[in-house]
Amino acid sequence: MLNSYRHRNMRTELVNSIRKALGELGIDSDGEILLEQPARREHGDFSSNVALKNAKSAGLPPRDLAAKIISKLETDPPKYVTKVDIAGPGFVNFHLDPAWLHSVMETVLEQGADFGRNNVGDGRRVLVEFVSSNPTGPVHAGHARGAVFGDSLARLLEFSGHYVEREFYINDRGVQMQTFADSLAARKAGLEPPEDGYQGQYIIDWAAEMPDDADPLAWGEAHALAKAEDVLKRLNVTYDTWFSERSMVDSGAIDVTLADLAERGVTYESEGALWLRSTDYGDDKDRVLIKSDGEYTYLLPDIAYHRDKFARGFDLLINVWGADHHGYVPRMRAAVESLGHDPSDLEVIISQLVRLEQGGTEVKISKRSGNLITLEDLVDEVGVDAVRLTYLLQSVDTPQTVDLDLVVSQSNENPVFYVQMANARIRSIGRVAADRGIERRELGEVDLSLLTHDRELEVLRSLFSLNDVVSVAVRDREPHRITTWVRELAGCVHGFYHDCPVLADSVDDELRQARWWLMEAAGVGLLVGLSLLGVDAPERM
RNA sequence: GCCCUCGUAGCUCAGUUGGAUAGAGCACCGGACUUCUAAUCCGAUGGUCGCAGGUUCGAAUCCUGCCGAGGGCGCCA
């Protein structure tokens, strides 16, 4: 296990020696010292901007300070460092012996599926709520982004040491449910649905499935939820809890919440309604909790729901909402604060809307009308892996355009094939080797120092960066960074595959063994990345 | 009118909490298979990072204003 931390120590070691050098120069270095992997190879393996950051306090031009730091560093150079130089405005660039990358490779192979894992979460309990919708119809394609994002974020949090539960909030209370039940009942009786009812074909289909003696509301909800659970499971999305809004009415949780709010003095009556004093907590205006007709607003059950989440012992609540709900965030945050919680313990991530195109024109999604592309249609047509990877391709806070024709087509415009192909190629090496009777030796008997080709080192550099990528991705709640990384690694694998044969007769067996293990390590990286995205990697394509 | 998110190559998008000459894929052009999968690789072309100021050693990134796109501003859900 000591070995596992070898390469992570590489960075720590460099930081420590920089700090030591600063100390010897009498420069206060309590600020964070950052080491980045430069984009350009000629800038070395690691680069630091300490000299730029501390130039002012040291009273020296950056390059002069950099020179002083380097002269100190050279008295006791860290392991693997072959050269330290000054570049540009005053960057301190470290050039390392490739052997450090060979140690990275050993780490990857030792850690396997745990490679890239960290413990920034430190056991923090997080509840991720996503998709949450009315059980009045099939989950539609518009929910796909939130579903895939929420699940992948949950995977990322788990991978970073959080305890995570996934939850689906069922909005099974209110007028919509009754309209839905009435529409079902009407179709069952062979009638048109009510004026404001649900017009979709699925209502007709579902009514036909509904037993004669069934209660349309109860049966309809159960049916909708069963279908939702089914299709989400197909998408590799599973929930720990399906939380019913109506259950809070039945359990008295709403009354308890009202009493709690009253006790805190954050509610008042006016004009026959009960209000939350949300302006005290940064909201634009106070919000009605109970309407003058005695009905609850949408907000009250939501407050009770979030109160329940905290009561269940979660430290952090993450809600993934569609862009059409973002105006709701300030009042929800105000509500959480009015309950006595730190508002930063509620994070609401707004997923921008997805525009679906087919044949160059936009496909509108609307549940009320008959024009409905369901999540099931999407998964049937496109396939789970392509759906997930496509939706995780870019940041969730930019509007996304998905061209269905493109995603469906098995063309090389589709990144999922690019990535899966890399994995299939790695696996094919093992298969062909078995056919030819070539055996792989134990890792300990293989000389990794033979890996000096640029293509080989690029694969290792890419693998090394996973730790950083995971840290940043989880910190910023951005699973798409994993997608970007996986595509990069796949690119490195393809480049290697093209230029560096493994099993060919022309390759010396010593080198062959080292390359073979290199591909095993790359396979580990792809596996880790893809599993964070919930995408499978077939053995062959 | 006010609030939120966004604006990067022809198209779809990355861009490591402010870094060095802004990167991929697709499309277009030119190359590479006697080889472990050519669903791949290599090269070329392509940019006023919406516009204008500001902050500083340094800005696609931070601040202000403007322009443009989408979303939100209910005793609806």
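Every chain is numbered from 1, with letters handed out A, B, ... down the list of sequences.
- Atom pair Phe417(A):CZ and G25(B):P shows a separation of 18 Å (rounding to whole Å applied).
- Look at Asp302(A) and Arg331(A) and you find no salt bridge, because none of the NZ, NE, NH1 or NH2 atoms lies under 4.0 Å from a carboxylate O.
- Nucleic acid contact for His494(A): sugar-phosphate only, since backbone atoms but no base atoms lie under 4.0 Å from a heavy atom of the residue.
- Following rounding to the nearest Å, Asp476(A) (CG) and U16(B) (C1') show an atom-to-atom distance of 10 Å.
- Taking the ring centroids of His453(A) and Phe496(A), they lie at or beyond the 6.0 Å cut-off.
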Show me the protein contacts with nucleotides 21-23 of chain B, counting only N or O atoms at under 3.5 Å.
residue	atom	partner	partner atom	Å
U21(B)	O2'	Arg40(A)	NH2	3.0
U21(B)	O2	Arg40(A)	NH2	2.8

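- A salt bridge does not link Arg515(A) with Glu520(A): none of the charged nitrogens is closer than 4.0 Å to a carboxylate oxygen.
- Across the interface with RNA chain B, nearest-nucleotide mapping of Ala87(A) and Gly495(A) shows Ala87(A) to be the residue nearer the 5′ end.
- Tested against Phe46(A) for a side chain to side chain contact (heavy atoms under 4.5 Å, CB included), the candidates Leu96(A), Val92(A), Asn93(A) yield a single pass: Leu96(A).
- Here Gln37(A) lies in heavy-atom contact (under 4.0 Å) with a base.
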* Asked: For nucleotides 7-14 of chain B, read 5' to 3', which letter fits each nucleotide if B means a protein heavy atom sits under 4.0 Å from the base, S means only the sugar-phosphate is that close, and - means neither?
  -> ------SS
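- Taking atom C1' in both G47(B) and G7(B), the straight-line distance is 15 Å, to the nearest Å.
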* Using a 3.5 Å limit on both pairing distances, list the dot-bracket string of RNA chain B from the 5' end; Watson-Crick and G-U wobble pairs count, crossing pairs take [ ], interstrand pairs take |. => (((((((..((((.....[...))))..((((.......))))......(((((..]....))))))))))))....
Expected rows: protein N/O vs nucleotides 34-37 of chain B N/O, under 3.5 Å:
residue	atom	partner	partner atom	Å
C36(B)	OP1	Arg436(A)	NH2	2.4
C36(B)	O2'	Ser428(A)	OG	2.8
C36(B)	O2'	Tyr497(A)	OH	3.4
C36(B)	O2	Val502(A)	N	3.4
C36(B)	O2	Leu503(A)	N	3.2
C36(B)	N3	Val502(A)	N	2.9
C36(B)	N4	Tyr497(A)	O	2.7
C36(B)	N4	Cys500(A)	O	3.0
C36(B)	N4	Pro501(A)	N	3.3
U37(B)	OP1	Ser428(A)	OG	2.1
U37(B)	O5'	Tyr497(A)	OH	3.1
U37(B)	O2'	Arg425(A)	NE	2.9
U37(B)	O2'	Arg425(A)	NH2	3.4
U37(B)	O4	Met541(A)	N	2.6
U37(B)	O4	Met541(A)	O	3.4

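- Residue Arg455(A) has a polar side-chain atom (N or O) positioned under 4.0 Å from OP1 or OP2 of C42(B).
- Distance CZ (Arg477(A)) to P (U17(B)): 17 Å, rounded to an integer number of Å.
- Between the side chain of Gln420(A) and the main chain of Asp536(A), a donor-acceptor pair closer than 3.5 Å is present.
- Look at CG on Asp283(A): it is 14 Å from C1' on C4(B), rounded to the nearest Å.
- Taking the P atom of each, G58(B) and C26(B) are spaced 39 Å apart, rounded to whole Å.
- Of the charged side-chain nitrogens involved, at least one lies within less than 4.0 Å of a carboxylate oxygen, so that Arg461(A) and Glu458(A) count as a salt-bridged pair.
- Rounded to whole Å, the distance from CD1 on Ile349(A) to P on C4(B) is 19 Å.
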* Structure fact -> Heavy-atom contacts, protein to nucleotides 72-77 of chain B, under 4.0 Å, summarised as B (base), S (sugar-phosphate only) or - (none) per nt, yield S-SBSB
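- When only modelled atom types and interatomic distance are considered, Arg425(A) and His494(A) share a side-chain donor-acceptor pair under 3.5 Å.
- Using a 4.0 Å heavy-atom distance criterion, Leu52(A) is classed as a base contact.
- Heavy-atom distances to RNA chain B give each of Phe91(A) and Asp397(A) a nearest nucleotide, and the one nearer the 5′ end belongs to Asp397(A).
- Among the protein residues, Asp435(A) comes within range of no part of the nucleic acid, since none of its heavy atoms lies under 4.0 Å from any strand.
- Comparing G19(B) with G23(B), their P atoms sit 14 Å apart, to the nearest whole Å.
- Taking a cutoff of 4.0 Å between a charged side-chain nitrogen and a carboxylate oxygen, Arg173(A) and Glu221(A) do not qualify as a salt bridge.
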Can you pull every protein N or O that's under 3.5 Å from an N or O on nucleotides 58-63 of chain B?
none

